[in-house]
Amino acid sequence: MQEELSDHEDLSIAPEERQAATQRSTWTSVVVNIVLTTVQLIVGVFSHSQALIADGIHSLSDLLSDFVVLLASHHSKKEADHDHPYGHQRYETAASLVLGGLLLAVGIGMLISAFHKLENPEAIPAVHSIALWVAITALITKEALFRYMLKLAQKVKSSMLIANAWHARSDAASSLVVAIGIIGNLAGYPLLDPVAALIVGFMVSKMGWEFGWEALHDLMDRAADDEEVEAIRTTLRDTPGVLGVHDVHTRKMGDMIMVDAHLEVDAQITVEAGHEIAVLARQRVMQRHRVLNLMTHLDPWHRHDGDHDTPR
């Protein structure tokens with residue numbers, strides 16, 4: 001399951017650092033997947049292993065998803081403009097949605113192909129032993145790639161890169177299943193090869209559904225998780241001059257968060273003083289959290305009438 005970004009109070013990651021990490025991680029994945037896809041498909045065909053061919057197609061989907069990530073990264077780094085006053089961060093969310101759809105489509109295709117093989121078991125050929133060595137090599141390579149990509153993604157706090165890293169981990173898991181299926185075929189149980197392909201197809205479909213569903217919710221202005229919202233609320237409450245906080249609303253914007261909040265201040269201070277408090281609150285929140293922008297509304301503390309209260 002995809003890991004969450006758990007550090008809710010951290011200095012913001014420079015866009016240049018995130019961009020460099022994205023390029024480094026994704027191009028490494030591109031090179032690895034080109035090699036794996038080529039070897040797995042060629043050896044899979046000549047060794048008569050449907051499971052290895054399915055794994056090769058999975059690697060090919062990784063390669064296509066890498067280019068989707070590169071495209072999204074290129075667009076998301078653009079500055080805000082007239083048509084996109086809040087920036088282009090949601091290109092990353094859209095990329096995650098595309099990745100999910102791609103995985104789901106590939107997984108369903110694998111399932112259909114494996115079912116056809118299982119319906120005609122006598123036609124399942126014996127697999128050559130070289131397929132096993134390729135599957136084991138792919139397993140080790142993909143697991144190493146996953147660990148490298150996840151470490152880099154967590155460093156720059158990019159949900160898109162984390163999604164892509166877990167895509168690589170799903171490949172590692174599928175290679176393990178493929179290796180077991182090939183071993184079964186070599187041991188005289190030919191059905192295990194298409195069964196392995198069937199399991200890989202299910203894994204890929206499940207991962208695609210989860211990534212696509214999460215991205216779809218983010219595109220529909222889903223709020224940040226409760227822990228992160230509470231951390232932002234605490235930072236606002238601790239700002240000098242802020243006597244109360246209510247109506248803290250958030251929505252995801254790629255890996256960043258947009259925040260609206262009502263701040264209660266002393267009703268006797270000047271408008272200028274209230275403005276300075278709001279500016280300080282905004283600075284503190286944007287320094288400590290993954291917040292792209294904070295919109296504040298000032299309310300007089302001694303006349304709070306409950307009109308803005310909402311269930312939390």
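We're numbering straight along the sequence, starting at 1.
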Self-check item: Stepwise side-chain contact (heavy atoms from CB on, under 4.5 Å) test for L41 and I57
Solution: CA-CA 7 Å; L41 290 178; I57 295 174; 4.2 Å; yes

Quiz item: Under 4.5 Å between any side-chain heavy atoms of D238 and R284, yes or no?
Solution: yes

Quiz item: Hey, mind stepping through N33 and T37 against side chain to side chain donor-acceptor pair (under 3.5 Å) and telling me if it holds?
Solution: CA-CA 6 Å; N33 284 314; T37 299; 5.4 Å; no

Practice problem: Enumerate the residue pairs fulfilling side-chain hydrogen bond (donor to acceptor under 3.5 Å, both in side chains) with a member in residues 130-151, sequence neighbours excluded, ordered by first and then second residue. | Solution: D55-K142, S59-K142, K142-S175, E143-R147, E143-R169

Practice problem: Using only heavy-atom distances, determine whether the side chains of H289 and E228 contain a donor-acceptor pair under 3.5 Å. | Solution: no

Exercise. Measure the CD-CG distance between E264 and L298 for me, rounded to the nearest 0.5 Å.
Key: 10.5 Å

Quiz item: Among the clusters formed by ILVMFWY side chains lying less than 4.5 Å apart, do I108 and W213 turn up in the same one?
Solution: yes

Quiz prompt | Exercise: identify the closest heavy-atom pair between P300 and A267 | solution = CB-CB, 3.7 Å

Quiz prompt | Test side-chain contact (heavy atoms from CB on, under 4.5 Å) applied to V265 and L243, T239, I277, D299, the passing residue | solution = I277

Quiz item: When rounded to the nearest 0.5 angstrom, what is the spacing between CG in L176 and CD1 in I140?
Solution: 11.0 Å

Quiz item: Between L192 and I180, is a side-chain contact (heavy atoms from CB on, under 4.5 Å) present by the stated rule, with each step listed?
Solution: CA-CA 8 Å; L192 289 184; I180 294 173; 5.9 Å; no

Quiz prompt | Min side-chain heavy-atom separation N293-I257 under 4.5 Å | solution = no

Quiz item: Should V245 and V229 be counted in the same cluster of Ile, Leu, Val, Met, Phe, Trp and Tyr side chains packed under 4.5 Å apart?
Solution: yes

Self-check item: Shortest non-hydrogen contact from G56 toward Q40
Solution: CA-OE1, 3.4 Å

Practice problem: Please report the shortest heavy-atom distance between G44 and I53, naming the atom on each side. | Solution: C-CG1, 3.6 Å

Quiz prompt | Over all atoms of both residues, closest heavy-atom pair of L263 and A281 | solution = CD1-CB, 3.9 Å

Quiz item: Looking at A196 and G181, what are the two nearest heavy atoms and their distance?
Solution: CB-CA, 3.8 Å

Quiz item: Do V127 and L191 sit in the same hydrophobic cluster, where Ile, Leu, Val, Met, Phe, Trp and Tyr count as joined when their side-chain heavy atoms come under 4.5 Å apart?
Solution: yes

Quiz item: So how far is it from F46 CZ to L52 CG, rounded to the nearest 0.5 Å?
Solution: 13.0 Å

Self-check item: Polar side-chain atom of T296 near backbone of A261 as donor-acceptor pair, under 3.5 Å
Solution: no

Quiz item: Between M149 and S25, what is the shortest heavy-atom contact and its length?
Solution: CG-OG, 3.5 Å

Quiz item: Do L186 and I199 belong to the same hydrophobic cluster, where Ile, Leu, Val, Met, Phe, Trp and Tyr are linked whenever their side-chain heavy atoms lie under 4.5 Å apart, directly or via other members?
Solution: yes

Exercise. State, yes or no, whether a side-chain contact exists between V134 and V39 at a heavy-atom distance under 4.5 Å.
Key: yes

Quiz prompt | Euclidean distance, H297 NE2 relative to D260 CG, rounded to 0.5 Å | solution = 11.5 Å

Quiz item: Could R237 and E230 be called an ion pair, given the rule that one side-chain N must be under 4.0 Å from one carboxylate O?
Solution: yes

Quiz item: Hey, quick one: are I269 and L236 part of the same hydrophobic cluster, counting side-chain heavy atoms closer than 4.5 Å, chains of contacts allowed?
Solution: yes

Quiz prompt | Pairwise distance CG(L104) to NZ(K206) - rounded to 0.5 angstrom | solution = 12.5 Å

Quiz prompt | Pairwise distance OG1(T28) to CG(L145) - rounded to 0.5 angstrom | solution = 7.5 Å

Quiz item: Which residue pairs satisfy the side-chain hydrogen bond (donor to acceptor under 3.5 Å, both in side chains) criterion with at least one member in residues 183-193, sequence neighbours excluded?
Solution: S49-D193

